[in-house]
Amino acid sequence: MENQTIKVCVRIPGNRKEELLQFAEKLRSEDQSAGRRGPGWDAKAIHGIARHKYGGLRQLFEHHEWPERGSDMMRQVQARIKAKYGSVEKFVSDHR
C-alpha cells in the first residue's frame with residue numbers, strides 16, 4: 001500500500017479542519033512533484049489541454065476530425081488520444 005492513494009476519514013477538532021486540509025494538499029503536491037499521479041490524472045490532463053489549447057473538447061475532436069459529438073466524446077476521448085498519440089503521457093508532452 002506504500003505507493004497507493006487511499007481515502008482516509010478521521011475525526012478532528014473543528015477548529016483544526018483548515019490545518020488538516022492544507023496538510024493533505026501538501027502531501028498531494030509532494031506526490032505530484034515526485035511523478036506520482038492520483039486517480040483521474042489522465043482525464044484531468046486531457047480536458048485541461050482540450051480547454052486551453054483547443055477551446056474545449058468539441059474543438060479537440062473537430063481539430064482531429066474525430067466523428068463523435070456530445071456525450072460520445074466523453075466515452076471515446078481516451079481511446080482516441082491513445083490511438084493518435086500512443087498514450088496520454090505522449091499527448092500531454094506533445095502539448096507542453
inquiry  = Checking H95 now: which residues fulfil side chain to side chain donor-acceptor pair (under 3.5 Å) with it, not counting sequence neighbours?
reply    = Y54
key: Taking every non-hydrogen atom, the tightest pair across M73 and R69   = CG-CA, 3.6 Å
remark   = Residues pairing under salt bridge (Lys or Arg N to Asp or Glu O under 4.0 Å) where one sits in residues 56-66, two or more places apart or in two chains, turn out to be R58-E62
ask   = To the nearest 0.5 Å, how far apart are NE2 in H47 and CG in D42?
value =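 It is 9.0 Å, given to the nearest 0.5 Å.
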request  = Can you measure from NZ (K26) to CZ (F23) and round to the nearest 0.5 angstrom?
outcome  =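 Reported value, rounded in 0.5 Å steps: 6.0 Å.
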message = Restricting to salt bridge (charged side-chain N to carboxylate O under 4.0 Å, His left out), what partner residues turn up for K17, sequence neighbours left out?
response = none
inquiry  = Once salt bridge (charged side-chain N to carboxylate O under 4.0 Å, His left out) is applied, do any residues pair with R16, and if so which ones, sequence neighbours excluded?
reply    = E19
Any residue meeting side-chain contact (heavy atoms from CB on, under 4.5 Å) with E18, in chain and number order, not counting sequence neighbours = L21, Q22
With S93 via side-chain contact (heavy atoms from CB on, under 4.5 Å) - residues at least two apart =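 Partners of S93 under the side-chain contact (heavy atoms from CB on, under 4.5 Å) test: K90, R96.
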Cluster link I6 to I12, ILVMFWY, side chain under 4.5 Å =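 Yes, I6 connects to I12 through the hydrophobic network.
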same_hphob_cluster(F91, M74) at 4.5 Å side-chain heavy-atom cutoff = yes
Show the atom names and distances, to 0.1 Å, of all donor-acceptor pairs under 3.5 Å that link a side chain in residues 79-86 to residues at least two apart or in another chain.
unit_1	atom_1	unit_2	atom_2	d
R80	NE	E68	OE1	3.2
R80	NE	E68	OE2	3.4
R80	NH2	E68	OE1	3.4
R80	NH2	E68	OE2	2.8
Y85	OH	H64	NE2	2.7

